[in-house]
Amino acid sequence: MIYLKTSEELELMRAANTLVSQTLGEVAKWVAPGVTTLKLDTIAREFILDNGGKPACLGYGGFPGTLCIEVNETVVHGFPSSYVLKEGDIIGTDCVVELNGFHGDTCYTFAVGEVDEKVMELCRVTKESLYKGIAAAQEGKRIGDIANAIQTFCEKHGYGVVREMCGHGIGKKMHEDPEVPNYGRRGIGPVLRNGMCIAIEPMINLGSKNIVIERDGWQCRTKDRKPSAHYEHTIAIVDGQTEILTTFDYIKEALGDRFI
Ligand code: MF3
Ligand code: CO
Ligand code: CO
């Protein structure tokens with residue numbers, strides 16, 4: 001069931017999504033060669049707890065981190081570890097915060113030092129596809145319009161659009177109805193209505209769209225081991241307008257001229 005939020009609930013959604021955005025702003029300050037992904041996870045966890053939030057991924061279905069860590073070929077759900085970031089890596093950090101009973105969800109893929117131009121282009125296009133999806137997310141339109149906007153744009157660039165993982169509704173629960181795929185036909189699926197909150201999150205591969213889930217049941221990588229990028233915003237439909245509840249502004253502030 002799709003749960004439409006009241007204006008009081010939207011206010012709580014704004015607060016949770018601001019906190020999760022600020023959290024990735026803190027993480028951004030630490031992304032550099034020589035830093036472990038466990039360190040990034042600790043920074044995120046402590047920041048969330050210091051600000052009265054709950055790291056919603058930690059313990060969710062047994063997940064071991066505050067952040068999902070997505071280095072290079074990892075698509076989603078990677079574990080924080082003793083892996084040391086090195087020049088040329090890309091790393092997605094996906095974070096969910098619960099604050100006063102509501103959830104905020106955002107993901108950003110960072111470049112670690114100098115990154116191959118082909119991989120930077122994958123990141124730029126994936127981020128742009130997120131905004132194409134958001135532009136299609138208008139009151140009265142359908143989920144398929146978002147999906148199609150993302151797919152069309154990414155495939156035009158020759159990239160693989162992951163099928164198995166989707167965006168989602170969000171609110172009192174991290175994952176609510178509806179599913180928000182990154183591929184599909186225009187004009188199909190649930191209608192976007194006032195009060196709907198959804199997370200839009202293209203997961204886009206440099207090579208083929210195929211993925212493999214590791215034996216731990218979580219960590220997901222590209223089958224061809226080529227890099228994958230992932231950006232995510234949580235949005236709401238409010239009074240006929242589309243409001244982006246998360247922001248990359250804190251990341252932008254932290255990265256300065258390294259922000260893409
Ligand atoms: N942040 C992810 C999403 O975008 C979900 C994380 S799964 C968890 O939907 F197990 F880590 F919580
Ligand atoms: Co997420
Ligand atoms: Co999400």
Side-chain angles (χ1 to χ4, degrees), residues 14-51 53 55 57 65-72 74 76 78 80-81 83-97 99 104-135 153-154 157 159 199-204 206 227-235 243-260:
R14 288 188 186 98
N17 281 282
T18 298
L19 181 54
V20 76
S21 303
Q22 289 167 330
T23 305
L24 290 196
E26 293 303 305
V27 169
K29 296 176 185 170
W30 287 84
V31 173
V35 175
T36 68
T37 59
L38 208 48
K39 175 71 182 174
L40 301 180
D41 195 69
T42 302
I43 294 296
R45 187 180 64 253
E46 290 179 349
F47 183 81
I48 294 165
L49 292 172
D50 285 349
N51 286 281
C57 293
T66 291
L67 298 176
C68 293
I69 296 287
E70 306 160 351
V71 177
N72 300 331
T74 301
V76 288
S81 74
Y83 177 81
V84 178
L85 293 175
K86 62 177 195 311
E87 180 100 14
D89 285 344
I90 56 169
I91 176 176
T93 59
D94 188 355
C95 190
V96 186
V97 163
L99 183 67
D105 188 0
T106 184
C107 176
Y108 195 88
T109 302
F110 299 94
V112 182
E114 281 296 308
V115 168
D116 185 281
E117 182 47 36
K118 268 189 357 220
V119 181
M120 287 310 293
E121 179 68 4
L122 170 71
C123 292
R124 282 192 292 267
V125 169
T126 304
K127 196 207 258 189
E128 201 177 338
S129 80
L130 168 59
Y131 291 103
K132 300 271 182 206
I134 293 170
F153 183 71
C154 293
H157 285 85
Y159 298 141
I200 303 178
E201 48 180 315
M203 291 148 265
I204 306 299
L206 185 61
S228 182
H230 182 196
Y231 294 85
E232 176 175 27
H233 274 315
T234 298
I235 68 156
E243 185 180 330
I244 309 179
L245 302 180
T246 44
T247 174
F248 296 146
D249 285 356
Y250 301 102
I251 293 171
K252 188 173 179 188
E253 207 179 299
L255 295 184
D257 57 12
R258 291 178 298 141
F259 183 79
I260 58 141

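All of these numbers come straight from a predicted model, not from anything done at the bench.
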Please tell me if the side chains of [X] and [Y] come closer than 4.5 Å, counting only heavy atoms from C-beta onward.
{"X": "E201", "Y": "D105", "value": "yes"}
{"X": "H233", "Y": "L245", "value": "no"}
{"X": "E46", "Y": "E26", "value": "no"}

Testing the basics here: between [X] and [Y], what is the closest heavy-atom pair and its distance to 0.1 Å?
{"X": "G88", "Y": "N72", "value": "O-OD1, 4.4 Å"}
{"X": "C154", "Y": "S129", "value": "SG-CB, 3.4 Å"}
{"X": "I48", "Y": "C95", "value": "CD1-SG, 3.9 Å"}
{"X": "A254", "Y": "K29", "value": "CB-CG, 3.9 Å"}
{"X": "I90", "Y": "S228", "value": "CD1-O, 3.5 Å"}
{"X": "L24", "Y": "F110", "value": "O-CZ, 4.1 Å"}

Handout entry: Derivation of the side chain to side chain contact (heavy atoms under 4.5 Å, CB included) call for C107 and E70
Key = CA-CA 10 Å; C107 176; E70 306 160 351; 3.6 Å; yes
With rounding to the nearest 0.5 Å, note down the distance linking [atom1] in [X] to [atom2] in [Y].
{"X": "T126", "Y": "Y159", "atom1": "OG1", "atom2": "OH", "value": "7.0 Å"}
{"X": "Q22", "Y": "D249", "atom1": "CD", "atom2": "CG", "value": "11.0 Å"}
{"X": "T93", "Y": "H230", "atom1": "OG1", "atom2": "NE2", "value": "10.0 Å"}
{"X": "T109", "Y": "M120", "atom1": "OG1", "atom2": "CE", "value": "10.5 Å"}

Handout entry: Over-ring placement of K252 relative to Y108, 6.0 Å and 45° cut-offs
Key =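 No, K252 and Y108 do not form such a contact.
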Exercise for the section: Can you establish whether the number of heavy atoms outside E253 located under 6.0 Å from its atom CD is more than 12? Expected result: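 It does not: E253 CD has 12 such atoms or fewer within range.
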Handout entry: Enclosure of E114 CD (heavy-atom neighbours >12, cutoff 6.0 Å)
Key =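 Atom CD in E114 is not packed in, count stays at 12 or less.
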Looking only at atom types and distance, does a side-chain atom of [X] sit under 3.5 Å from a main-chain N or O of [Y], one as donor and one as acceptor?
{"X": "T106", "Y": "E232", "answer": "yes"}
{"X": "T234", "Y": "T246", "answer": "no"}
{"X": "N51", "Y": "G53", "answer": "no"}

Handout entry: Pair E121 + R124, salt bridge at N-O below 4.0 Å
Key =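 A salt bridge links E121 with R124.
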Identify every side-chain donor-acceptor pair in residues 31-42 under 3.5 Å, counting partners at least two apart or on other chains, and give the distances.
residue : atom : partner : partner atom : Å
T36     : OG1  : K39     : N            : 3.0
T37     : OG1  : S81     : N            : 2.8
T37     : OG1  : S81     : O            : 3.1
D41     : OD1  : T66     : N            : 2.8
D41     : OD1  : L67     : N            : 2.7
D41     : OD2  : T66     : N            : 3.4
T42     : OG1  : L38     : O            : 3.0

